Amino acid sequence: MNSSVCKILCSSSPLLPLTPPTMADSNAGIFDPDGKYEQGVLQASNDYPCPKDGADFVYGTAGFRMKADKLTSVAMTVGILAGLRSRKLHGQTIGVMITASHNPAEDNGVKIVDPQGEMLEQEWEKYATYIANAKDPQEAQNAYMWMIKEVRIDQKKPASVIFARDTRPSGEELVRALKTGLDATGVTSIDYGILTTPQLHYLVKATNTKDTSHPYGEVSEEGYYKKLATAFATAMDNIKPAGAVTVDCANGVGAPKLKEFLKHLPADSINIRVVNDNISDPSVLNNDCGADHVKTQQRAPAGFDGKAYDRWASFDGDADRIVYYFQAEGSIFRLLDGDRIATLAANFLGELVQKSGLADKITMTVVQTAYANGSSTRYIEQSLKLKCECTSTGVKHLHHVAARSDIGVYFEANGHGTVLFSPQTLKRIHTHQPESPAQLEALTTLRALTDLINQTVGDALSDFLLVETILAHKEYTVREWLATYTDMPNKLGKQRVANRADFVTVPDSAERKLARPEGLQERIDEIVAKYKDGRCFVRASGTEDVVRIYGEAGEVFDCENMVREVGGEIERRFGP
Ligand SMILES: CC(=O)N[C@H]1[C@@H](OP(=O)(O)O)O[C@H](CO)[C@@H](O)[C@@H]1O
Ligand SMILES: [Mg+2]
């Protein structure tokens with residue numbers, strides 16, 4: 001085993017595979033009798049060898065993500081791992097998505113989707129890391145055999161995987177590598193071509209529920225559009241969104257898919273313009289446009305030509321995030337981010353539950369991260385009178401907590417999120433007998449929203465339709481939406497450090513307090529105390545080699561100074 005593999009497993013697990021199992025001690029897992037798959041792994045990793053410079057691959061928050069040309073061997077091992085995951089789960093279908101979301105066009109990524117459309121179970125992330133780091137074919141085969149034993153996988157079980165990719169040109173080569181890993185280990189697979197990330201999540205759940213009493217939807221891209229279009233038409237019965245909306249698709253996969261979806265709506269149901277829809281020139285993907293650009297730069301995308309108070313939205317490169325924005329008089333840019341979508345959705349769903357006569361049977365929770373604006377949290381707790389929970393960064397954490405509620409609304413400030421309805425709540429909503437025409441009307445809209453909202457993962461298209469529905473029902477323009485509360489002045493900074501692993505947060509603090517480096521949290525607290533209504537926290541990024549510094553204060557000037565002061569302290573003491 002190479003040393004980096006050892007390090008990965010040693011640091012995260014007591015299960016150190018010092019020696020791979022042999023046929024003789026294999027009774028924990030059941031070996032393929034004629035060794036066909038083990039041979040296949042050897043051959044596949046001969047065809048797609050790990051790069052010689054021994055890249056340290058890590059399956060992180062967004063799966064594996066890096067420069068696309070480094071990723072081919074990893075894509076092959078993901079094929080092997082996805083097949084093992086499916087076998088372990090008795091042949092349930094697993095998904096693999098090839099995308100690098102909002103990253104530049106030359107990057108790519110591979111991530112695995114579990115049977116109900118959720119992110120890969122955390123325990124398996126280290127197995128994905130383990131096999132991806134095997135430095136030669138023999139190590140890959142050893143890793144495969146170790147997993148069969150460790151995870152107790154019956155190789156006679158069927159395995160099924162579906163996969164798709166975004167518009168990046170490198171996706172084609174990565175698909176070939178992935179397919180090699182799948183074929184080598186006898187996995188049945190379906191290539192769905194180019195899709196948005198949430199469409200692939202939809203298909204995974206639809207495939208695994210198709211023969212159950214609660215099928216999620218037709219198992220096709222067309223089925224996804226039909227489900228959303230039917231739900232949108234029902235939710236918008238007799239009403240129309242106010243004015244036009246322009247959608248910036250980041251020159252990514254969201255553009256053709258949004259246009260395809262619109263073909264399923266009656267022509268006059270929404271006045272929409274799609275911009276930044278050039279997928280033939282890879283260099284423009286996410287370039288000065290898209291949800292991540294708009295959120296992090298706090299400015300409109302390339303090609304913005306909106307007049308004051310025109311409604312705009314931006315998807316990211318794989319269409320799982322969305323933010324809204326507009327320009328007020330005097331060209332002042334106003335962002336309506338994930339916190340705004342969460343509060344809008346929670347407010348409207350709360351009203352529908354109330355009006356349907358279900359208020360005493362259904363409770364709702366809003367789940368945020370520490371990056372949520374403090375004003376949004378106060379608005380949820382004090383005005384909407386809802387429970388608000390704060391989790392660690394990364395949607396899998398939010399999803400997990402939201403899934404515990406009857407209705408769980410979760411969004412990261414960057415616009416990634418959705419609303420989950422528990423199975424029991426869905427049953428209540430669908431079996432409730434309305435006692436008046438007003439109750440029936442609210443209930444009909446609520447039922448439609450349970451179909452409109454993607455139950456697997458944040459989905460820019462589904463979230464877009466949700467927001468458009470709510471604005472139309474509430475007769476809100478962007479101005480009224482923004483007026484629901486006033487954001488605290490805030491700043492998200494970052495600082496390079498010698499070793500970001502030195503920055504460890506206190507368990508159960510939702511990453512708002514540092515346990516190490518020793519003494520730093522006390523110093524941050526001292527700085528924050530100088531600023532009125534100040535809040536500031538520091539954590540190591542999971543996706544970039546930096547620590548992030550987030551701050552809020554009563555005044556813009558104070559906020560800037562506070563974040564700068566904390567950043568300066570970190571640079572001085574822990575800088576590279
Ligand atoms: C402050 C921030 O926006 N962090 C992002 C970013 O994570 P970091 O661990 O902060 O790098 O990328 C994640 C994956 O896309 C996303 O879930 C998260 O919200
Ligand atoms: Mg994305």
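These numbers were taken from a predicted model, which means no experiment stands behind them. Below, each value reflects all heavy atoms present in this structure, side chains not excepted, and no hydrogens, waters or symmetry copies. Whatever order the structure lists ligands and atoms in, that order sets their numbers, starting from 1. Position 1 is the first residue of the sequence; numbering continues from there.
- Closest N/O/S atom of Asp316 to the Mg ion (ligand 2): OD2.
- Residue Glu544 places no N or O, backbone or side chain, under 3.5 Å from any N or O of ligand 1.
- Judged purely by atom type and a 3.5 angstrom limit, Asn208 uses its side chain to pair as donor or acceptor with the backbone of Thr93.
- The pair Asp107-Arg65 does not meet the salt-bridge criterion, since no charged nitrogen lies less than 4.0 angstrom from a carboxylate oxygen.
- Glu569 and Arg573 are joined by a salt bridge, as a carboxylate oxygen and a charged side-chain nitrogen come within less than 4.0 angstrom of each other.
- Side-chain N or O atoms of Asn373 include none that pairs as donor or acceptor with a backbone N or O of Asp487 at under 3.5 Å.
- At a heavy-atom distance under 4.0 Å, no atom of Ala62 approaches ligand 1.
- Among the atoms of Arg539, some N or O lies under 3.5 angstrom from an N or O of ligand 1.
- Note on Asp318: its N/O/S atom closest to the Mg ion (ligand 2) is OD1.
- Contact annotation: Asp320 places an N, O or S atom under 2.8 Å from the Mg ion (ligand 2).
- Scanning all heavy atoms of the two residues, the minimum distance from Val538 to Ile524 falls at CG2-CD1, 3.7 Å.
- Between Lys67 and Asp69 there is no salt bridge, since none of the side-chain N atoms of the basic residue sits less than 4.0 Å from a carboxylate O of the acidic one.
- Looking at atom 16 (C) of ligand 1, its nearest protein heavy atom turns out to be Glu412 OE1, 3.4 Å.
- Classification of Asp545 and Arg496 as a salt-bridged pair holds, one side-chain N sitting under 4.0 Å from a carboxylate O.
- Contact check on Asp277 versus Lys259 returns a salt bridge, with a Lys/Arg side-chain nitrogen under 4.0 Å from an Asp/Glu carboxylate oxygen.
- Of all atoms in ligand 1, listed by their number and element, those nearer than 4.0 Å to a heavy atom of Ser541 are 8 (P), 9 (O), 11 (O).
- Using a 4.0 Å cut-off between heavy atoms, Thr393 contacts ligand 1 through its side chain alone, with no backbone atom that close.
- Under the 4.0 Å criterion applied to side-chain N and carboxylate O atoms, Lys126 and Glu123 are assigned as salt-bridge partners.
- The shortest N or O to N or O distance between Tyr371 and ligand 1 is not below 3.5 Å.
- In terms of protein heavy atoms, atom 10 (O) of ligand 1 is closest to Arg548 NE, 2.6 Å.
- Below 3.5 Å of separation, one finds no N or O of His102 facing any N or O of ligand 1.
- Salt bridge annotation for Arg548-Glu511: absent, with no cationic side-chain nitrogen under 4.0 angstrom from a carboxylate oxygen.
- In the vicinity of Gly394, heavy-atom distances shorter than 4.0 Å reach the ligand 1 atoms 17 (O).
- No part of Lys396 comes within 4.0 Å of ligand 1, judged by heavy-atom distances.
- Counting only non-hydrogen atoms, the option in Asp292, Val547, Thr61, Thr543 that gets closest to atom 11 (O) of ligand 1 is Thr543.
- Put simply, Ser101 gets within reach of the Mg ion (ligand 2), with an N, O or S atom under 2.8 Å from it.
- Under a 4.0 angstrom heavy-atom cut-off, Arg321 registers as being in contact with ligand 1.
- Near Asn414, meaning under 4.0 Å from one of its heavy atoms, ligand 1 places the atoms 3 (O), 16 (C), 18 (C), 19 (O).
- Shown are Phe304, Phe333, Tyr324, Phe464; of these, the ring pair (Phe, Tyr, Trp, His ring centres under 6.0 Å) with Trp312 is made only by Phe304.
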